[in-house]
Amino acid sequence: MSIQEIHQLFLSCTSVSIDTRKIEPNSLFVAIKGERFDANTFAKEALEKGASYVIIDNENYYIDQQTILVTNSLNTLQELAQFHRNYLKLPIIALTGSNGKTTTKELINCVLSKRYRTKATVGNLNNHIGVPLTLLSFTTTTEIGIVEMGANHQKEIEFLCEIAQPDFGYITNFGKAHLEGFGGVEGVIKGKSEMYSYIQKHHKRVVVNLDDAIQEEKTSAIERITFSQKDENAFVYIKGVTANPLVTIDYNAIRIHSHLIGLYNANNIIAAITIGAYFEISDDQIKEAIESYIPENNRSQLLTKGTNEIILDAYNANPSSMKVALENFIQLEKSNKMIVIGDMFELGKDSLNEHRSIVKQLENQDAITCFFIGKDFCSNATEKSNFTFFSDFDSFAQFLKSNPIHNKTLLIKGSRGMALERTLDCI
């Protein structure tokens with residue numbers, strides 16, 4: 001069966017699923033093999049739960065005419081998504097970067113939805129499976145698509161761009177994330193810049209922060225939509241930014257009061273302003289959209305628990321995001337400050353040095369109580385009266401039972417695997 005024929009069957013369905021636990025009536029189920037399971041074995045269950053068709057790549061699980069047998073289910077999902085993208089011909093904005101992708105994507109969606117029917121990546125479905133699923137969620141009523149792209153090795157962004165074929169590209173930043181897979185910071189820059197290469201090759205447009213010298217240089221030969229806090233000639237010029245702790249931005253004649261914490265979120269907001277301005281969203285609508293966005297899922301959330309004010313930024317962490325989060329926290333005009341930080345993952349041979357750098361960043365902050373959690377931070381333990389190191393979260397939680405936290409302003413940040421949001425259950 002050709003991709004065009006499969007696409008016709010897809011159009012008769014209401015949704016696509018790769019998980020039988022989330023099957024909806026009249027859906028298309030795609031059986032993808034995982035490291036620990038073979039989804040072909042769930043094909044019959046998918047039909048029993050209401051799927052109209054199932055795509056499988058193991059003939060042993062063929063059922064009837066509702067079964068579409070292909071050579072490789074994952075490849076078919078990706079080819080179907082690419083075909084559907086070309087079928088719809090709607091403008092697509094793609095974004096990647098080391099930090100801030102999901103927040104920026106949500107902000108862009110909030111702004112553009114003031115005028116257009118938009119659809120964006122759900123959660124962080126931003127890989128070789130998530131991007132196709134995102135594209136297949138777009139319909140003929142979708143006016144603008146927003147696609148987040150994640151990567152942890154070379155050629156991944158290039159591959160995702162070939163599937164999504166974006167008309168607009170934005171890279172939030174180049175940071176120290178996934179160093180193990182990319183092979184260092186230069187590898188990160190090379191890998192993320194695959195988006196620029198695609199955009200340039202296909203004569204599309206990029207959104208660029210002119211205040212980032214590397215980004216400015218790498219996009220000099222591409223058609224750009226620019227923003228800056230320094231260059232008044234940028235397409236969007238921002239007159240002022242403050243964060244204590246929530247970000248406030250002065251743009252044209254308006255002041256935007258966001259619910260986002262930290263100067264490191266300012267460019268995420270400004271990128272959304274820039275894309276909104278390009279698509280002719282009014283200043284008042286941009287302000288309304290950004291002020292309505294409230295972060296969740298442990299991303300830059302400002303919470304209160306008991307007598308403590310908490311900045312919960314525990315969704316993920318890498319050396320770049322950790323550094324700016326600490327810088328922002330240090331400059332906050334608050335008393336009784338406390339930091340709870342956990343190990344950063346996927347750093348390979350650079351891991352111990354990067355954790356040592358974070359410890360050194362805090363060595364002069366004698367007024368801040370600092371808790372470090374994880375084996376890599378413990379390998380860089382330093383004797384200071386305001387420093388305490390824990391090999392794992394359980395030992396930290398045990399410590400809190402006899403040392404309760406009261407009347408503090410806390411920053412909680414660590415890699416996803418550390419799950420430091422558990423700290424909230426201990427205070």
* To do: Take Glu24 and Ser27 through the side-chain hydrogen bond (donor to acceptor under 3.5 Å, both in side chains) test and state the conclusion after the steps.
  => CA-CA 6 Å; Glu24 297 176 359; Ser27 61; over 6 Å; no
Minimum heavy-atom distance between [X] and [Y], given as atom pair plus value:
{"X": "Gln229", "Y": "Asn267", "result": "NE2-OD1, 3.7 Å"}
{"X": "Cys161", "Y": "Pro166", "result": "O-CD, 3.5 Å"}
{"X": "Met344", "Y": "Pro319", "result": "SD-N, 3.5 Å"}
{"X": "Tyr251", "Y": "Ala277", "result": "OH-CB, 3.7 Å"}
{"X": "Ser228", "Y": "Leu210", "result": "CB-CB, 4.2 Å"}
{"X": "Ala243", "Y": "Gly262", "result": "CB-C, 3.8 Å"}

* May I have the step-by-step check of side chain to side chain contact (heavy atoms under 4.5 Å, CB included) for Leu28 and Leu136, ending in yes or no? => CA-CA 11 Å; Leu28 170 65; Leu136 291 170; over 6 Å; no
Any salt bridge linking [X] with [Y]? Criterion: basic side-chain nitrogen under 4.0 Å from a carboxylate oxygen.
{"X": "Glu216", "Y": "Arg224", "value": "yes"}
{"X": "Asp392", "Y": "Lys375", "value": "no"}
{"X": "Asp57", "Y": "Lys33", "value": "yes"}
{"X": "Asp211", "Y": "Lys230", "value": "no"}
{"X": "Lys155", "Y": "Glu194", "value": "no"}
{"X": "Arg416", "Y": "Glu421", "value": "yes"}
{"X": "Lys287", "Y": "Glu291", "value": "yes"}

Measure from NZ or CZ of [X] to the centre of the six-membered ring of [Y] and say whether it is under 6.0 Å with the direction within 45° of the ring axis.
{"X": "Lys204", "Y": "Phe168", "answer": "no"}
{"X": "Lys201", "Y": "Tyr198", "answer": "no"}
{"X": "Arg115", "Y": "Phe279", "answer": "no"}
{"X": "Arg422", "Y": "Phe393", "answer": "yes"}

Reported [atom1]-to-[atom2] distance for the pair [X] and [Y], which is rounded to 0.5 angstrom:
{"X": "Thr369", "Y": "Phe387", "atom1": "OG1", "atom2": "CZ", "value": "10.5 Å"}
{"X": "Ile18", "Y": "Ile32", "atom1": "CD1", "atom2": "CD1", "value": "5.0 Å"}
{"X": "Lys337", "Y": "Ser335", "atom1": "NZ", "atom2": "OG", "value": "9.0 Å"}
{"X": "Asp394", "Y": "Phe390", "atom1": "CG", "atom2": "CZ", "value": "12.0 Å"}
{"X": "Lys401", "Y": "Phe396", "atom1": "NZ", "atom2": "CZ", "value": "13.0 Å"}
{"X": "Thr134", "Y": "Ile129", "atom1": "OG1", "atom2": "CD1", "value": "11.5 Å"}

* To do: Answer yes or no: are there more than 12 heavy-atom neighbours, outside Lys305 itself, under 6.0 Å from its atom NZ?
  => yes
* Is the number of heavy atoms from other residues, nucleotides or ligands within 6.0 Å of CD (Gln4) greater than 12? -> no
Is the backbone N or O of [Y] less than 3.5 Å from a side-chain atom of [X], with the two atoms forming a donor-acceptor pair by type?
{"X": "Lys105", "Y": "Thr121", "value": "yes"}
{"X": "Ser193", "Y": "Lys190", "value": "no"}
{"X": "Glu5", "Y": "Ser2", "value": "yes"}

For [X] and [Y], does a side-chain donor sit closer than 3.5 Å to a side-chain acceptor?
{"X": "Asn353", "Y": "Asp350", "result": "no"}
{"X": "Thr76", "Y": "Glu79", "result": "no"}
{"X": "Ser351", "Y": "Asp376", "result": "yes"}
{"X": "Thr118", "Y": "Asn109", "result": "yes"}
{"X": "Glu148", "Y": "Thr102", "result": "yes"}
{"X": "Asp283", "Y": "Asn252", "result": "yes"}
{"X": "Gln398", "Y": "Ser395", "result": "no"}
{"X": "Asn99", "Y": "Asn318", "result": "yes"}

* Asked: What pairs meet the salt bridge (charged side-chain N to carboxylate O under 4.0 Å, His left out) rule with one or both residues in residues 231-247, with sequence neighbours excluded?
  -> none
* Structure fact -> Tested for side-chain hydrogen bond (donor to acceptor under 3.5 Å, both in side chains) against Asn380, the lone hit among Glu354, His355, Arg356 is Arg356
Centres of the [X] and [Y] rings: under 6.0 Å?
{"X": "Phe227", "Y": "Tyr237", "answer": "no"}
{"X": "His7", "Y": "Tyr87", "answer": "yes"}
{"X": "Phe389", "Y": "Phe371", "answer": "no"}
{"X": "His84", "Y": "Phe10", "answer": "yes"}

* **Verdict with supporting geometry, Leu420 and Ile373, side chain to side chain contact (heavy atoms under 4.5 Å, CB included)** => CA-CA 9 Å; Leu420 288 188; Ile373 305 168; 4.0 Å; yes
* Asked: After noting the C-alpha distance and the side-chain angles of Leu135 and Ile163, does the key distance pass the side chain to side chain contact (heavy atoms under 4.5 Å, CB included) rule?
  -> CA-CA 9 Å; Leu135 294 170; Ile163 295 174; 3.6 Å; yes
* Asked: Looking at Ile270, Thr248, Ile273, which one forms a side-chain contact (heavy atoms from CB on, under 4.5 Å) with Ile256?
  -> Ile273
* Determine the sole option in Asn328, Val340, Leu326 for which the side-chain contact (heavy atoms from CB on, under 4.5 Å) test with Leu411 is passed. => Leu326
* Verify side chain to side chain contact (heavy atoms under 4.5 Å, CB included) between Arg205 and Asp167, making sure each step is shown before the conclusion. => CA-CA 6 Å; Arg205 296 179 177 88; Asp167 302 284; over 6 Å; no
